[in-house]
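Here is the structure we will look at.
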Amino acid sequence: MNTTRTTTVTCPNCGRGNRIPVAAERRPRCGHCKQPLPWIVDAGDDDFVEVADHATQPAVVDLWATWCGPCRMVSPALEQVARELAGRIKLVKVDIDKNPRVSRRFEVQAVPTLLVLDRGKTVARQAGAAPAHVLRSWVEQAMAGRA
């Protein structure tokens, strides 16, 4: 399956909008200034494997629900981390209520549940919200352990 679905990301460097694929082999760069773009995408039961498991860089997975207050609090912090680590991670957001297979795969008991995947394998996991600086440190520690 080749996902041709795209998302639009604003370059934090020059402010231009860029349309990028949700799944690709390379890391997205701004078409104007060529700086790395934060890769923030939604995924679900039908495309999670291609979008997250096959990502060429670590995928930070946010398993969330629309009714969850802490999920709404952690989302901007995760997006900040994705901007700060642009070109190094891919943020994949999954609504567990709409995607029960992904939820079952990771045995989600609480939301938000955050994962760092490296080639489809979970290398870090935590439940609950945290501020951006704590999340960034957690992601960087998980990435430091990559083989």
Side-chain angles (χ1 to χ4, degrees), residues 3 5-30 35-147:
T3 302
R5 193 166 51 90
T6 62
T7 188
T8 301
V9 176
T10 300
C11 177
N13 186 56
C14 71
R16 297 270 178 108
N18 291 265
R19 197 174 63 207
I20 60 173
V22 296
E25 291 183 16
R26 293 177 286 182
R27 297 168 188 196
R29 292 191 170 274
C30 177
Q35 292 299 307
L37 292 170
W39 205 352
I40 304 169
V41 300
D42 293 315
D45 286 343
D46 295 334
D47 62 358
F48 185 84
V49 170
E50 185 176 13
V51 171
D53 288 345
H54 294 162
T56 55
Q57 66 273 356
V60 176
V61 180
D62 176 17
L63 299 157
W64 64 281
T66 57
W67 48 263
C68 168
C71 297
R72 289 190 301 272
M73 289 173 29
V74 79
S75 185
L78 285 169
E79 291 174 11
Q80 178 182 334
V81 171
R83 285 189 302 273
E84 291 172 358
L85 299 177
R88 296 178 54 205
I89 67 166
K90 181 179 194 178
L91 176 59
V92 179
K93 301 167 84 73
V94 180
D95 180 342
I96 63 161
D97 290 331
K98 293 180 181 175
N99 300 287
R101 289 194 319 259
V102 174
S103 180
R104 279 193 305 272
R105 172 183 166 184
F106 293 108
E107 300 174 348
V108 175
Q109 299 292 318
V111 288
T113 294
L114 308 175
L115 310 168
V116 178
L117 300 183
D118 185 16
R119 297 176 200 97
K121 294 187 173 140
T122 304
V123 296
R125 180 183 181 120
Q126 80 171 32
H133 72 279
V134 172
L135 292 171
R136 180 177 175 159
S137 176
W138 173 72
V139 169
E140 288 176 328
Q141 281 183 329
M143 289 175 17
R146 286 180 80 197

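As the structure is a computational prediction, the values presented were derived from the model and not from experiment.
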Exercise. Rounded to the nearest 0.5 Å, how far does CD1 of Ile96 lie from SG of Cys71?
Worked result: 7.5 Å
For this session: For the pair Asp46 and Arg101, evaluate side chain to side chain contact (heavy atoms under 4.5 Å, CB included) and give the outcome as yes or no after the intermediate values.
Result: CA-CA 9 Å; Asp46 295 334; Arg101 289 194 319 259; 3.3 Å; yes
For this session: Could you grab the distance from atom CD of Gln80 to atom CG of Leu135, nearest 0.5 Å is fine?
Result: 9.5 Å
Exercise. Among Ile20, Ile40, Val41, which one satisfies side-chain contact (heavy atoms from CB on, under 4.5 Å) with Val9?
Worked result: Ile20
Problem set entry | salt bridge (Lys or Arg N to Asp or Glu O under 4.0 Å) pairs, two or more places apart, involving residues 63-77 | none
Exercise. Does Trp39 reach the main-chain N or O of Pro21 with its side chain, forming a donor-acceptor pair under 3.5 Å?
Worked result: yes
Exercise. Is the backbone N or O of Ala65 less than 3.5 Å from a side-chain atom of Asp97, with the two atoms forming a donor-acceptor pair by type?
Worked result: no
Seminar exercise, completed: Taken in chain and number order and not counting sequence neighbours, the residues that satisfy salt bridge (charged side-chain N to carboxylate O under 4.0 Å, His left out) with Asp53 are Arg105
Exercise. Which pair of non-hydrogen atoms, one from Gly128 and one from Leu114, has the smallest distance, and what is that distance?
Worked result: O-CD1, 4.0 Å
Exercise. Would you say Phe106 and Leu115 make side-chain contact, with heavy atoms under 4.5 Å?
Worked result: yes
Exercise. Nearest 0.5 Å, what's the CG-CH2 distance between Asp95 and Trp67?
Worked result: 10.0 Å
Exercise. Do Val139 and Leu85 come close enough that some side-chain heavy atom pair is under 4.5 Å?
Worked result: yes
Exercise. Pairs in or reaching into residues 128-144: which pass salt bridge (Lys or Arg N to Asp or Glu O under 4.0 Å), with residues at least two apart or in two chains?
Worked result: Glu84-Arg136, Arg88-Glu140, Arg136-Glu140
Exercise. Under 3.5 Å, side chain of Arg27 to main-chain N/O of Gly87, donor-acceptor pair present?
Worked result: yes
Problem set entry | Closest contact, heavy atoms only, Val92 versus Ala59 | CG2-CB, 4.3 Å
Exercise. To the nearest 0.5 Å, how far apart are SG in Cys14 and CD in Gln35?
Worked result: 8.5 Å
Seminar exercise, completed: In this structure, CG of Leu117 is separated from CD of Gln57 (nearest 0.5 Å) by 12.0 Å
For this session: For residues Ala77 and Ala130, report the shortest heavy-atom separation together with the two atoms involved.
Result: CB-O, 3.9 Å
For this session: Could you grab the distance from atom CG of Leu37 to atom CZ of Arg83, nearest 0.5 Å is fine?
Result: 12.5 Å
For this session: For residues Pro112 and Asp62, determine if any side-chain heavy atom of one lies less than 4.5 Å from a side-chain heavy atom of the other.
Result: yes
Problem set entry | Check: Asp45 main-chain N/O paired with Asn99 side-chain donor or acceptor under 3.5 Å | yes
Seminar exercise, completed: Sequence neighbours excluded, the answer for salt bridge (charged side-chain N to carboxylate O under 4.0 Å, His left out) partners of Arg125 is none
For this session: Give every residue pair that meets the side-chain hydrogen bond (donor to acceptor under 3.5 Å, both in side chains) criterion with at least one member in residues 7-21, sequence neighbours excluded.
Result: Arg16-His32
For this session: Please tell me if the side chains of Glu50 and Val22 come closer than 4.5 Å, counting only heavy atoms from C-beta onward.
Result: no
Exercise. Checking Lys90 side chain against Thr56 main chain: does a donor-acceptor pair fall under 3.5 Å?
Worked result: no
Seminar exercise, completed: side chain to side chain contact (heavy atoms under 4.5 Å, CB included) filter on Asp42, not counting sequence neighbours, yields Lys93
